[in-house]
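Structure, as structure tokens:
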2 protein chains.
Amino acid sequence: MATGTPPLTDAAPALRPVARAPLHEAIAERLLSHVVQSDLKVGDRLPGERDLARRLGVSRTTVRQAIVVLQTQGILEVRHGGGTFLRDLDPTSGPLARVVERRHRLPAVLEARRALEIPIAALAAERRTEADLAAIASGLDLMRREVANGDIGLEGDGAFHRAVTEAAHNPVLAELMDRLQEAVAETRGESLSQQGRPPRSLADHEAIAAAVVAGDPDAAADAMRAHLDHVADLRLFEIYPPAQDAQEVPR
Amino acid sequence: MATGTPPLTDAAPALRPVARAPLHEAIAERLLSHVVQSDLKVGDRLPGERDLARRLGVSRTTVRQAIVVLQTQGILEVRHGGGTFLRDLDPTSGPLARVVERRHRLPAVLEARRALEIPIAALAAERRTEADLAAIASGLDLMRREVANGDIGLEGDGAFHRAVTEAAHNPVLAELMDRLQEAVAETRGESLSQQGRPPRSLADHEAIAAAVVAGDPDAAADAMRAHLDHVADLRLFEIYPPAQDAQEVPR
DNA sequence: CATACTGGTCCAGTCAGTAGACCAATCTGA
DNA sequence: TCAGATTGGTCTACTGACTGGACCAGTATG
């Protein structure tokens, strides 16, 4: 029997065929990024093909291939002699999510917060170190002082959630939370500016912290869930009804 | 001054030149992954160049280029007529460090997958459209065919999870999953290359799909949880144990 | 309406990667 | 021991993506 190499059922995932995307796909991706980053609106003109080719360090032919791709997807419109124009943005695809309208995004962000922060709270209860607990206490304290001053407690709220995230000791979850950060700040602002919300939120935080200190993952998860329910409850869903864009299948 | 060319202040980061890595670099990376995943020891032999070329879907010339790279880095040793051997592997530094590091992140990645995909499954059960169900069925089918062919079903697995993510109709969660995509692919390969795993995974998928079709969010979440539990059941750290960094507080 | 842009098309050339043949070293088993 | 199979080493012809131009055809604009 072969000793060095694995036997017949030789599943070596690292040795599966490599796939290499053609260059124009990378260029198409870049063009989309450019559209989003430059905040181009429908009808706006893109730079000329020669300009794009020079800036992207690629031949004009390749740029054209990329444009054809985006054209067939209905995203760009090409006018001979006129230029290339933004025709439509498909909000369901990839990083373009940021152009999705706010009222559709808020519930989605809240769902994502629940998905990430409930497990984070549970993990934090399991893994927190002394330093983590100190950071959590400090975040709690900051919000306490802010609320006492009649402030809405944005800073303390942020510090607390960051400290809990750190305490989960999972760099991947932490990175995803970072990614959500911008949007989270938005929902946080919405929530905390509601009448009577900050003291309530503070109480929620104290419950979460208590469960984390006690090292009780289930209680921590429950407390975080309750907290996010309160955040989500409010009038958010009245103001911003969830997107009802596609037909669901009746159950 | 040239007015035709864009001004220097025209910072469009998305339009910077694209860089494309040569194929043999990707191959070298793959070979390193293979070394780590297959738990090769110093002195062990790698598969022959012809075999590698066939499995990686690349020409022998390219494989040789990759081997030369790893040879000059002192990682591989090539013996004419004998084969290619692992010469030295220092997981604490050099190119292997990155591969090992990535591997150490896999448990964290799996936790993140649980956090995201369990709610995603539940949401998918609530919101799936006919088109979503078709995409899910198609992913299922692809994996069924792959497994029937004795393949480990990497493609089908990916297609299935992507389809479920789409069906959740939450662009934020979708983007976060996208962000994880590369790391998730690694957990996938790691899991599916275990003996007898692909058929089991397929059965898990069928359970998830059934719950989504039935529109039962709780069942879908449970099925996804069970599936990810199975996926997470790896023996990852026999070779390169991660560093134990911080003391947890006793509960 | 002249000019200077725009996209549309074509073509010769470059170069990474492929496919296969063949040689040289080495391993293996009768 | 030795023949045959298998390994790495080298070379060549070929393919195809991509390049870098030239040139044509629309369109905008003074």
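Letters go in sequence order (proteins before strands), and every chain restarts at 1. Because the structure is predicted, anything quoted here is derived from the model rather than measured.
- Considering only residues two or more places apart in sequence or on other chains, B:Arg225 meets the side-chain contact (heavy atoms from CB on, under 4.5 Å) condition with B:Arg114, B:Ile118, B:Ala221, B:Asp222, B:Asp229.
- Here the closest non-hydrogen pair linking B:Val99 and B:Ser33 is CG1-CA, 3.9 Å.
- Between the P atom of C:dA19 and the CG atom of B:Leu56 lies a distance of 13 Å, rounded to the nearest Å.
- In this structure, CZ of B:Arg54 is placed 10 Å from P of D:dT7, rounded to the nearest angstrom.
- Atom CZ of B:Arg45 and atom C1' of D:dG8 are 10 Å apart (whole Å).
- Contacts classified as ring pair (Phe, Tyr, Trp, His ring centres under 6.0 Å) and involving residues 116-168 of chain B (residues at least two apart or in different chains) are given here: B:Phe160-B:His205, B:His161-B:His205, B:His161-B:His227.
- To the nearest 0.5 Å, atom OG1 of residue A:Thr62 and atom CD of residue A:Glu25 are 12.5 Å apart.
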*Sugar-phosphate atoms are those with a prime plus P, OP1 and OP2; base atoms are the rest. Using that split, label each nucleotide of nucleotides 24-30 of chain C B, S or - for protein heavy atoms under 4.0 Å, 5' to 3'.*
BBS----

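- Applying the side-chain hydrogen bond (donor to acceptor under 3.5 Å, both in side chains) definition to pairs two or more places apart or across chains, those involving residues 137-147 of chain B are B:Asp141-B:Arg144, B:Asp141-B:Arg145, B:Arg144-B:Glu206.
- We find that CZ of B:Arg50 is positioned 7 Å from P of D:dT7, with the value rounded to whole Å.
- At whole-Å resolution of the value, CD in A:Glu77 and P in D:dG26 are 17 Å apart.
- The CG atom of A:Leu52 sits 12 Å away from the C1' atom of C:dT6 (whole-angstrom rounding).
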*How does protein reach along nucleotides 11-20 of chain D, written 5' to 3' as B (base within reach of a heavy atom under 4.0 Å), S (only sugar-phosphate), or - (no contact)?*
-------SBB

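- Side-chain atoms of B:Arg113 and B:Thr187 include a donor-acceptor pair closer than 3.5 Å.
- In this structure, A:Asp51 places its CG atom 16 Å from C1' of C:dA4, rounding to the nearest Å.
- For the pair A:Phe85 CZ and D:dG26 P, the computed distance is 17 Å after rounding to whole Å.
- Taking the charged nitrogens against the carboxylate oxygens, A:Arg16 and B:Asp151 have no contact shorter than 4.0 Å, which rules out a salt bridge.
- For B:Ala163, the side-chain contact (heavy atoms from CB on, under 4.5 Å) criterion is met by B:Ala135, B:Ile136, not counting sequence neighbours.
- Using a cutoff of 4.0 Å between basic side-chain nitrogens and carboxylate oxygens, B:Asp51 and B:Arg54 are scored as salt-bridged.
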